[in-house]
Amino acid sequence: MSLTAKHKRELRQRRHQRVRRRVQGTSTRPRLAVFRSARHISAQVIDDSAGRTLAAASTVEPALRDKPGGNVAAAREVGRLVAERARQAGVATVVFDRGGYRFHGRVAALAEAAREAGLEF
């Protein structure tokens, strides 16, 4: 059985909802949410109790736009950048939300870079 793009997207969204039932970001430990597309990757540090984003980074930003955004090197750069911005916002520990994606490749590279830059999860 071949999966269509629409069906794959629906399955990922279902996995993400299943994870989000348990993973909640609080003001003391916000959620580091990852979104991955074919060309770009982005990450946000979110306080779900207040409903606000504390820090964010993406390959769509002007600083990272010149480089290819759909590879592991770009994901590492986004992870490092979001961790620096989160530290500036006073966040030291987060809970990781992989967004329904498998923890490998770009998602894992982003997480490792964020850990190396000082975020704990």
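By the rule that hydrophobic residues join a cluster once side-chain heavy atoms approach within less than 4.5 Å of another member, V95 and F35 end up as members of separate clusters. V23 and L119 end up in different hydrophobic clusters when Ile, Leu, Val, Met, Phe, Trp and Tyr side chains are linked at under 4.5 Å. Note: the hydrophobic cluster containing Y101 also contains V82 (ILVMFWY, side chain heavy atoms under 4.5 Å, direct or indirect links). When the side chains of ILVMFWY residues are joined at heavy-atom separations under 4.5 Å, either directly or via intervening members, V94 and I46 end up in two distinct hydrophobic clusters.
Across all non-hydrogen atoms, the minimal contact from V78 to S58 is CG2-C, 4.0 Å. In this structure, R106 and G69 approach most closely via the heavy-atom pair NH1-O, 4.3 Å. In plain terms, the two heavy atoms of D47 and S27 that are nearest each other are OD1-N, 3.3 Å. Across all their heavy atoms, A89 and L54 have their closest contact at CB-O, 4.0 Å. Summarising the geometry of V45 relative to A86, their closest heavy-atom pair is CG2-CB, 4.0 Å, with the distance given to 0.1 Å. For D97 against V19, the heavy-atom pair with the smallest separation is OD1-CG1, 4.3 Å.
Taking 4.5 Å as the limit, every side-chain heavy atom of T59 sits out of range of all side-chain heavy atoms of E77. The shortest side-chain heavy-atom distance between E116 and R76 does not fall under the 4.5 Å cut-off. Contact of the R36 side chain with the L110 side chain is not registered, since no non-hydrogen atoms from C-beta on lie closer than 4.5 Å.
A ring-ring contact (aromatic ring centres under 6.0 Å, His included) check over residues 63-98, counting only residues at least two apart or in different chains, returns the pairs F96-F103, F96-F121.
Heavy-atom neighbours of R115 CZ from other residues, nucleotides or ligands within 6.0 Å: above the threshold of 12.
The CZ atom of R20 sits 16.0 Å away from atom CZ of R15, with the distance rounded to the nearest 0.5 Å. With rounding to the nearest 0.5 Å, the separation of CZ in R29 from CD in E120 is 9.0 Å. In this structure, N71 CG and I41 CD1 are separated by 10.0 Å, a value rounded to the nearest 0.5 Å. Taken from CZ in R12 to CZ in R98, the straight-line distance is 10.5 Å, to the nearest 0.5 Å.
The side-chain contact (heavy atoms from CB on, under 4.5 Å) search around K8 returns L3, not counting sequence neighbours.
Classification of R87 and E84 as a salt-bridged pair fails, no side-chain N sitting under 4.0 Å from a carboxylate O.
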